[in-house]
Amino acid sequence: MWKRITGSLFRRFTLPLCCRKPPTRLLSIERELLRAPSLKMSNTFAKHLQKLSINDPPVFEGSHPEANVVDLMRNYVADELSKVSGVDSKQIYPALEWTNTLDRGDLLIPVPRLVRQKGINPREIAQEWAEKFPEGELISKVEANGPFVQFFFNPQFLFQTVIPDILTRTEDYGACKYVENKKVLIEFSSPNIAKPFHAGHLRSTIIGGFLSNLYEKCGWEVIRMNYLGDWGKQFGILAVGYERYGDDKKLAEDPIDHLFQVYVRVNKDIEEEGDTLPESESTDGKSREYFKRMENGDQDAIKLWQKFRELSIEKYIGTYARLNIEYDVYSGESQVSKESMDRALKLYDEKGLVHIDRGAKLIDMTRFNKKLGKVIVQKSDGTTLYLTRDIGAAIDRYNKYHFDKMIYVIASQQDLHTAQFFELLKQMGFEWAHNLHHVNFGMVQGMSTRKGTVVFLNNILEETKDKMHEVMKKNQVKYAQVENPDEVADLVGISAVMIQDMQGKRINNYEFKWERMLSFEGDTGPYLQYAHSRLRSMQRNVPDITVTDMENADFKLLQEPAAIALVRLLSQYADVLRNALKTHEPTTVVTYLFKLTHQVSSCYDVLWVAGQTKELATVRLALYTATRQVLSNGMKLLGLTPVERM
């Protein structure tokens, strides 16, 4: 049906009448939209489209014109350019590219991607195509720029479709169901039990939270999983340390901090002992023995471990809530079934993958990829290692959830481990292993839990909150209007922490510095919050203009270059999300939001609302309201809570 609906948008307006093809049929767009109630679009949008009597162009594979106006234009450009150039429109559609800056148009196409014959000058071809392409109500300008053809959308078409669409779809604007009945499991954060949640875990947490939100907006069913580091020799170390340094009263008062202090002290004992004591007397040896008891199911050993685990999870839930993250599943290394690990060990043997070296089981991965090396899957004492446990966990998850994709948000330090893990599952014959993805990221440098020189996430959030409180208090008039200044300062502080982490590409390392964290100049989280609160304030100041008024505004009154640039950016939002889905980069959305806020800031001195006629105030407020909605949508996608006042 949408082939008919969106196809009906297009007509070549500037060709002479004798050259135009007559419309194949006229459609009532509003009637067609009503027959598809699942497609939530603006009635004003439908009414505007109904005015056009046009031919049906094809809707190309991967195009979603029901949710994305840029896809509407891609369909039109591909179809029309095919008529001009003689190139198959199916080749043209995927060759159409985004532009980095608005001065290069809204879409462009590199001629060499379509015409590769020797002796043909792509610059001349670009010039010829630009001159022949019909300009009109959809495309206002076509330019040749070297070997590129640049297409500029008609601003009035955008004003009359994009703004009402945003005002109607509100939080759904930008969302699109790209898949049907697909499930993705995303594992992220994964802190270690009985250790503080520090800033080193922040990257996995915010990237995973962002990806979870993004996949949901793009039509996937998402399972958010926290795979806790709740098993291993470190729990033997912690138990031995607790016997020496534990204090039940301190544990009750502040369990996470006390367990951390114990962990640091006992590791110092291990470091000081070195190899001076026999295995049975050393702290390291006793820790190994304790963990062996845990693996064997010793109830006394398990009881203390369970206590540490439960106290830690309780603490983590509060921290995640502060970051707008709620997990569907709290799993962990301890939850992997023995049956799955036994099955993995059996499959290693059946597939002829294992060889024995001094009692330990090894797999030579270089047979499949020289870069993967050799890996131990079971120690000589019979204890399993992370790889076998990860294999067992993946098998358990697929059997339980039957996911279509599983994403591991894990630091780049684990690139080799993850590659070995994925390859081993493939060699074991699991077809679903081809649907596993590693989203890696660089490290926050300058931290350590083991040595005790760690900056805790709560410290970061509390200090940024205090800093924001100081900034807010400088304007006593506005501060007095904020109903809950402590909460607002907290939300803006969290924005500062999260945005500074997401601004660069996720693979990049960065050094943790308080100065950077607390800087409020330039492109920062507080700047986004300020931009949102200012736009919200503008709406509050004109209470007599309703959303219905704005949807039915006279958009022809918007002629200013600043307004045109802003609506062109608003039209891109759905494409931004689709691009982020391909790259798994939060910075794709962050960069877009800063472009949007910079552009709306440049509008304030030009597009006044106060003191204008009702008609002009209404249409300008519609533009600002649509901008605030898109800014809010993007901030929530990143995991931020937009504030109303600050």
Side-chain angles (χ1 to χ4, degrees), residues 9 13 28-30 33-34 39-52 66-70 72-73 102 106 136-140 152-174 531-574 596-597 599-634:
L9 287 172
F13 292 93
S28 168
I29 305 300
E30 189 169 19
L33 284 166
L34 290 172
L39 298 171
K40 183 184 176 186
M41 297 190 74
S42 165
N43 286 331
T44 305
F45 188 25
K47 290 174 184 176
H48 177 68
L49 303 186
Q50 192 177 12
K51 298 173 186 176
L52 306 179
E66 76 280 8
N68 185 352
V69 71
V70 178
L72 289 175
M73 305 304 260
L102 293 178
D106 298 287
E137 196 164 317
L138 299 180
I139 300 295
S140 61
F152 293 78
F153 300 164
N154 189 312
Q156 275 305 311
F157 178 78
L158 295 181
F159 283 132
Q160 296 181 52
T161 55
V162 172
I163 294 177
D165 194 32
I166 296 170
L167 296 177
T168 301
R169 294 175 67 196
T170 59
E171 291 189 353
D172 286 334
Y173 180 73
H532 182 270
S533 64
R534 183 171 181 180
L535 286 165
R536 184 57 96 184
S537 173
M538 189 175 295
Q539 289 177 258
R540 285 195 299 269
N541 291 336
V542 197
D544 58 322
I545 297 178
T546 67
V547 172
T548 302
D549 292 335
M550 289 187 276
E551 288 177 355
N552 294 288
D554 183 1
F555 293 103
K556 290 187 176 67
L557 296 175
L558 291 174
Q559 300 287 339
E560 297 83 356
I564 291 170
L566 185 55
V567 77
R568 289 170 69 192
L569 284 173
L570 292 174
S571 73
Q572 295 175 3
Y573 183 62
L596 189 66
T597 51
Q599 184 56 43
V600 77
S601 292
S602 72
C603 291
Y604 291 139
D605 291 334
V606 182
L607 303 174
W608 284 70
V609 174
Q612 308 303 306
T613 64
K614 177 72 179 288
E615 292 76 15
L616 192 56
T618 299
V619 74
R620 288 178 175 178
L621 186 63
L623 179 62
Y624 285 128
T625 301
T627 302
R628 186 212 61 79
Q629 184 65 63
V630 174
L631 176 58
S632 173
N633 290 359

- Query: Does a side-chain heavy-atom distance below 4.5 Å link L566 with E560?
  - Reply: no
- Item | Main-chain N/O of L607 paired with Y624 side-chain donor or acceptor, under 3.5 Å | yes
- Task: Return the minimal non-hydrogen interatomic distance between S140 and F153, and the atom names on each side.
- Result: OG-O, 3.5 Å
- Query: Within a strict 4.5 Å, meaning less than it, do heavy atoms of the T168 and Y173 side chains meet?
  - Reply: no
- Check whether any side-chain N or O of R169 sits under 3.5 Å from a backbone N or O of A67 as a donor-acceptor pair, and report yes or no. yes
- Message: Would you say that S632 contacts H532 through its side chain, given a criterion of any heavy-atom pair below 4.5 Å between the two side chains?
- Response: yes
- Message: Could you report the tightest heavy-atom contact between T618 and D549, atom names first, then the distance?
- Response: CG2-O, 3.4 Å
- Task: Kindly indicate, with the supporting measurements, whether the criterion side-chain contact (heavy atoms from CB on, under 4.5 Å) is fulfilled by F159 and L570.
- Result: CA-CA 10 Å; F159 283 132; L570 292 174; over 6 Å; no
- Task: Verify side-chain contact (heavy atoms from CB on, under 4.5 Å) between T597 and R534, making sure each step is shown before the conclusion.
- Result: CA-CA 11 Å; T597 51; R534 183 171 181 180; over 6 Å; no
- Message: Please find the pair of heavy atoms, one from Q629 and one from E171, that lie closest to each other, and give the distance.
- Response: NE2-N, 3.7 Å
- Expected output: side-chain Q156 to main-chain L558 donor-acceptor under 3.5 Å: yes
- With the side chain counted from C-beta on, respond yes when E615 and D554 share a heavy-atom pair under 4.5 Å apart, and no when they do not. no
- Is a side-chain N or O of R620 found less than 3.5 angstrom from the main chain of W608, in a donor-acceptor match? yes
- Which distance, rounded to the nearest 0.5 Å, do you find between the CG of L621 and the CG of L535? 10.0 Å
- Query: How far apart are the closest heavy atoms of L167 and T170, and which atoms are they?
  - Reply: O-CG2, 3.4 Å
- Rounded to the nearest 0.5 Å, what separation is found between the OG1 atom of T625 and the CD1 atom of I545? 8.5 Å
- Query: So, do L72 and L138 sit near enough that their side-chain heavy atoms are less than 4.5 Å apart?
  - Reply: no
- Backbone N/O of L623 and side chain of T627: donor-acceptor pair under 3.5 Å: yes
- Qualifying residues under side-chain hydrogen bond (donor to acceptor under 3.5 Å, both in side chains), relative to Q612, sequence neighbours excluded: none
- Query: Counting only N and O atoms by type, is there a donor-acceptor contact under 3.5 Å from the side chain of N633 to the main-chain atoms of D172?
  - Reply: no
- Answer yes or no: is there a side-chain heavy-atom contact under 4.5 Å between M73 and D106? no
- Message: Pairing donors with acceptors under 3.5 angstrom, does anything connect the side chains of Q599 and S602?
- Response: yes
- Is a side-chain donor or acceptor of D165 paired with a backbone partner of T161 at a separation under 3.5 angstrom? no
- Message: On a heavy-atom basis, which atom in R540 and which in S533 lie closest, and how many Å separate them?
- Response: NH2-O, 4.4 Å
- Message: Do L631 and R628 make a side-chain contact, defined as non-hydrogen atoms from C-beta onward lying under 4.5 Å apart?
- Response: no
- Check whether any side-chain heavy atom of I166 lies under 4.5 Å from a side-chain heavy atom of V162, and answer yes or no. yes
- Item | Test item: N68 side-chain N/O and A574 main-chain N/O as donor-acceptor pair under 3.5 Å | no
- Message: Give me the atom names and distance for the closest heavy-atom approach of V69 to F157.
- Response: CG2-CE2, 4.0 Å
